[in-house]
Amino acid sequence: MLGFLLSIQSEFYKTRKTLAFLSAILLPLILCILITAGFYTHADKIMFLSAKMQWFRFTGAFLGVMGSLILPILIIFQTFSINNIEHRAEMWKSLFSLPIHKWSIYSAKYVYVVFLNALCLALFASFIIVSGYLLNVLNPELKFNQFDISGILFKLHLKLFLASMGILSIQFLFSLLWADFLKPMGIGFVLTIFGIITANLGWKYAFTIPYTHPMLALQSMMKQVLNNKNEQMEFDLMSQEIYVSLIVAVLTFAIGYFVINKRSIR
Amino acid sequence: MKPGLIIETRNLSYRFGNQLVLDQVSLNVREGSIYGFLGPNGAGKTTTIKVLLNLLQTEKGKVFLFGKDLNKNRIEILSGIGSLIEQPAIYSHLSGKENLLNRALLLHVNTTRVNEMLDLVNLTEHANKKAGKYSLGMKQRLGIALALLHDPKLLILDEPTNGLDPNGIIEIRQLIRKLVEERGKTIFISSHLLSEVEKMVTHIGIINRGKLLFQGTIEELHNVSKKHLEIQTNDLVRSRELLCKNGYQAEILSDTILIPYLSEKHSAEINSLLVKYDHKVYSLTVSKQNLENLFLSITQI
Ligand SMILES: Nc1ncnc2c1ncn2[C@@H]1O[C@H](COP(=O)(O)OP(=O)(O)OP(=O)(O)O)[C@@H](O)[C@H]1O
Ligand SMILES: [Mg+2]
């Protein structure tokens with residue numbers, strides 16, 4: 001257990017100044033600034049909407065880009081960077097000859113990537129809320145302060161987080177096993193695009209592809225909200241694609257450990 | 001286990017696919033020794049070292065460190081080893097000091113050791129420079145500092161002087177001597193040049209094509225290389241008997257008789273003795289091998 005905690009600490013120490021870590025903070029920040037600026041300059045277009053609908057539009061602007069493309073790509077990039085640090089430094093042989101259980105090294109790395117993803121999504125939710133209220137300060141005619149969306153927003157991002165566990169685990173395994181840039185990134189991109197297409201086409205078995213899960217999660221959430229009577233924003237946290245995503249995550253994580261444990265380091 | 005052995009392998013074999021890379025290697029490394037592990041490129045040195053660190057898997061009962069089976073006591077054994085395999089593994093985006101601090105964090109070592117290690121390998125001056133900008137020699141020394149951080153009893157170094165200039169080589173050599181003399185470490189160091197390690201090692205193992213061809217102290221190696229009289233006759237067994245009866249230390253080695261060389265006069269006496277008793281002497285030569293030639297001849301079998 002100590003080895004695991006120390007390994008996590010070390011992951012943070014190693015990456016704190018690299019893009020792997022900073023991207024988890026910078027991406028939400030930059031995206032937030034851009035979208036907020038857009039809404040500020042075009043505030044008149046949403047002025048007439050109810051408070052709830054203003055939030056809905058604002059949040060929708062984020063989720064549109066995020067769910068389909070940015071979130072998968074961010075995950076592909078982060079899992080790659082975290083493992084590439086070791087590949088680049090030829091560090092695996094060194095790490096695995098230290099008196100630390102392979103299990104600790106492996107799981108700490110995995111948990112750290114999961115943490116980065118959680119951090120990123122939590123920041124997204126927080127930044128959206130802060131930006132909403134900021135917009136209201138800048139333009140008091142807006143109604144962002146008349147509705148509290150925070151609960152819904154965090155639940156939504158938690159759903160996205162769970163939906164992305166499958167992609168994260170698969171990409172983690174790819175990046176762990178392959179030292180080069182092209183294989184994990186290339187395969188990741190292709191599968192993401194494939195996922196976007198199948199999810200948009202509404203293919204019946206799209207839910208079997210982990211790369212569609214964030215999109216499907218958003219779709220199922222939207223469907224539920226739109227079916228609700230009197231503009232209720234209720235939706236289920238767990239849905240079919242979330243279960244699949246979690247099962248894929250658990251399986252891939254186990255396979256990864258099995259491979260690491262048995263594989264010789266050449 | 002034999003007492004005092006830090007590393008022991010028992011008929012260790014290893015294959016990459018169907019290539020037999022290690023063939024029945026039985027290493028014996030004693031506590032407090034500096035063991036030079038020599039062999040030409042591709043001999044199997046790095047492979048042996050990776051097996052010793054459990055990076056390559058072998059069966060039980062083959063590899064023992066500190067008297068324990070590596071497969072059953074992996075973590076305990078590894079905590080007594082510091083290693084440097086091929087190029088030193090260093091995070092180039094961190095400074096030398098940060099590399100050490102990270103390792104200290106990971107191994108739960110007091111951070112005061114970091115500055116000690118920087119001092120020991122003469123990197124204090126460059127502690128805050130990015131390790132990616134270090135020279136090869138500096139990287140190598142940082143690698144040794146990383147290996148020493150948790151104060152291991154055994155240090156395994158794979159060609160630590162590879163690519164260094166003469167000064168760099170001397171520095172590493174001095175450092176290794178210091179470690180053994182002042183800190184009582186045991187050191188296992190691989191190299192493909194005998195001359196490079198000859199001056200500092202106490203024991204030598206020579207490996208080629210996966211076979212351990214010689215193992216012993218440096219004196220034993222010198223003994224092998226003492227001048228010998230090599231004699232070939234029509235009947236080696238009878239000739240040896242005759243020579244032994246007359247007080248010579250004669251031995252048969254494949255198709256020659258070997259006698260320690262003393263002098264020209266002595267050689268002439270031996271010749272006349274053989275001729276007198278009607279042995280047909282085909283050749284009588286003095287073999288003179290320095291260590292380097294000996295090493296080459298051993299590895300060219
Ligand atoms: N990962 C690998 N896969 C297949 N064969 C390998 C692998 N690593 C090493 N070998 C083979 O094993 C043999 C021994 O290699 P090894 O690296 O142990 O030699 P070495 O003595 O360290 O040589 P050098 O002085 O060049 O470092 C070589 O024939 C090499 O081709
Ligand atoms: Mg080698």
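Being a predicted model, the structure only gives us computed values, none of them experimental. Naming convention: chains lettered A, B, ... in sequence-line order (proteins, then strands); numbering from 1 in each chain.
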Taking non-hydrogen atoms and a cut-off under 4.5 angstrom, which of residues 133-149 of chain B neighbour chain A?
-> none
Write out, in numerical order, the residues from residues 91-112 of chain B with a heavy atom short of 4.5 Å from a heavy atom in chain A.
-> Tyr91(B), His93(B), Leu94(B), Glu98(B), Leu101(B), Asn102(B), Arg103(B), Leu105(B), Leu106(B), Leu107(B), His108(B)
Filtered by a 4.5 Å non-hydrogen cutoff, the part of residues 2-24 of chain A contacting chain B is Leu2(A), Leu6(A), Ser7(A), Gln9(A), Ser10(A), Tyr13(A), Lys14(A), Arg16(A), Lys17(A), Thr18(A)
Which members of residues 179-197 of chain A, sorted by number, sit under 4.5 angstrom from chain B on a heavy-atom basis?
-> none
Over all atoms of both residues, closest heavy-atom pair of [X] and [Y]:
X	Y	result
Ser97(A)	Leu78(B)	O-CD2, 3.8 Å
Lys102(A)	Arg74(B)	CE-NH2, 3.6 Å
His101(A)	Ile75(B)	CE1-CG1, 3.4 Å

So does [X] have more than 12 non-hydrogen atoms from other groups sitting under 6.0 Å from [atom1]?
X	atom1	value
Gln57(B)	CD	yes
Glu116(B)	CD	yes
Lys211(B)	NZ	no

Where on Ser79(B) is there a heavy atom nearer than 4.5 Å to chain A: the side chain, the backbone, both, or neither?
-> both
Glu90(A) versus Glu86(B): any side-chain heavy-atom pair under 4.5 Å?
-> no
